[in-house]
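What you see is a predicted model, and the numbers here were worked out from it, not measured in a lab.
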Amino acid sequence: MFDPADRRKQILYKAVAALARRERSRLGLYKKLSETFNEEGDKELINSVLDELVNKKYLSDERYARIQVLTRSARYGDRKLFWNLQRDGVSREIAEEALKQNEESEYDRALVLWKRKFGELPEDYKERAKQIRFLASRGFTFKTIEKVLKCEVPDEVF
């Protein structure tokens with residue numbers, strides 16, 4: 001067994017190094033550290049290190065959620081962004097708040113993505129189904145998809 005003080009320093013060093021490379025959620029960082037530090041007693045040390053990082057504001061689920069929404073919103077709808085945040089351990093309230101702060105509407109993002117991928121309205125049911133599946137797989141709501149495929153498009157987009 002390792003000396004707890006030395007082990008804690010190792011965990012802290014690894015955690016700060018991981019956060020220096022990219023923003024992470026608390027759960028994501030916990031999983032990352034658990035891969036390396038899986039001896040008896042390490043879980044408690046990892047949690048104490050994570051608490052310290054949260055108190056020092058090095059680790060923040062709010063900041064992680066904002067960054068994820070900002071960087072991924074051009075490619076995904078609100079539903080997919082929400083569920084990805086939930087999967088990463090971000091609470092429902094924090095995820096919803098991050099989505100509310102997004103400046104671009106889901107409709108505008110879906111329209112830009114649809115225009116880039118397809119560019120024209122479907123001619124038959126098969127093509128329509130293909131376009132619906134594409135947008136649905138990206139996490140857009142069916143209400144938004146219907147708006148896009150009814151082509152309620154402002155002229156300045158073209």
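Heavy atoms of other residues, nucleotides or ligands lying less than 6.0 angstrom from NZ of K14 number 12 at most.
Taking the charged nitrogens against the carboxylate oxygens, R128 and E120 have no contact shorter than 4.0 Å, which rules out a salt bridge. A salt bridge links E96 to R92: one of the charged nitrogens lies within less than 4.0 Å of a carboxylate oxygen.
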Is there a side-chain contact (heavy atoms from CB on, under 4.5 Å) between L29 and L53? Walk through the geometry before answering.
CA-CA 11 Å; L29 186 56; L53 293 174; 4.1 Å; yes

Could you check R79 against F142 for side-chain contact (heavy atoms from CB on, under 4.5 Å), going step by step and ending with a plain yes or no?
CA-CA 11 Å; R79 285 190 343 204; F142 285 103; 4.2 Å; yes

After noting the C-alpha distance and the side-chain angles of D88 and L27, does the key distance pass the side-chain contact (heavy atoms from CB on, under 4.5 Å) rule?
CA-CA 6 Å; D88 294 341; L27 179 65; 6.0 Å; no

Using the side-chain contact (heavy atoms from CB on, under 4.5 Å) rule, take E39 and R7 through it: C-alpha gap first, then chi angles, then the decisive distance, then the call.
CA-CA 10 Å; E39 300 289 324; R7 190 70 165 176; 3.2 Å; yes

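In this view, R87 and N84 satisfy the side-chain contact (heavy atoms from CB on, under 4.5 Å) rule, not counting sequence neighbours. With sequence neighbours left out, the side chain to side chain donor-acceptor pair (under 3.5 Å) criterion links R109 to D78. Not a single side chain to side chain donor-acceptor pair (under 3.5 Å) links E104 to another residue, sequence neighbours left out. Judged as a side-chain contact (heavy atoms from CB on, under 4.5 Å), and not counting sequence neighbours, the contacts of K130 are F118, E127, R133. A search for side chain to side chain donor-acceptor pair (under 3.5 Å) contacts involving S105 returns D108, not counting sequence neighbours. For R116, the salt bridge (charged side-chain N to carboxylate O under 4.0 Å, His left out) criterion is met by no residue, not counting sequence neighbours. Remark: A74 engages no residue in a side-chain contact (heavy atoms from CB on, under 4.5 Å) (not counting sequence neighbours). Among residues two or more places apart in sequence or in another chain, the side-chain contact (heavy atoms from CB on, under 4.5 Å) test is passed with A110 by F140, T144, V148. E52 pairs by the side chain to side chain donor-acceptor pair (under 3.5 Å) definition with R8, K56, not counting sequence neighbours.
Residues L121 and L149 come closest through the heavy atom pair CD2-O, 3.3 Å. Shortest non-hydrogen contact noted between A136 and I145 is N-CD1, 3.6 Å. Smallest separation of non-hydrogen atoms from L113 and R75: CD2-O, 3.6 Å. Across V49 and A15, no two heavy atoms sit closer than the pair CG1-CB, 4.2 Å.
Screening residues 24-33 for side chain to side chain donor-acceptor pair (under 3.5 Å) gives R26-D51 as the qualifying pairs, with residues at least two apart or on separate chains. Listed by first and then second residue, the salt bridge (charged side-chain N to carboxylate O under 4.0 Å, His left out) pairs involving residues 58-72 are E23-R63 (not counting sequence neighbours).
Proximity of a side-chain donor or acceptor of T36 to a complementary backbone N or O of L33 within less than 3.5 Å is not detected. Under a 3.5 Å cut-off, the side chain of S60 and the backbone N or O of K57 do not form any donor-acceptor pair.
Under a hydrophobic-cluster definition in which Ile, Leu, Val, Met, Phe, Trp and Tyr are linked whenever side-chain heavy atoms come within less than 4.5 Å, directly or via other members, L12 and V54 are assigned to the same cluster.
Atom CD of E106 sits about 10.0 Å away from atom CG of L135, to the nearest 0.5 Å. Between the CG atom of N47 and the OG atom of S34 there is a distance of 8.0 Å, given to the nearest 0.5 Å. Atom CG of residue D6 and atom CD1 of residue I11 lie 11.0 Å apart, to the nearest 0.5 angstrom. The structure places CD1 of I46 at 8.5 Å from CG of N38, a figure rounded to the nearest 0.5 Å. From T141, atom OG1 reaches atom OH of Y107 across 12.0 Å, with rounding to the nearest 0.5 Å.
Members clustered with L85: Y64, V69, Y76, L81, F82, W83, V90, I94, L99, by chain and number, using a 4.5 Å side-chain heavy-atom cutoff among hydrophobic residues.
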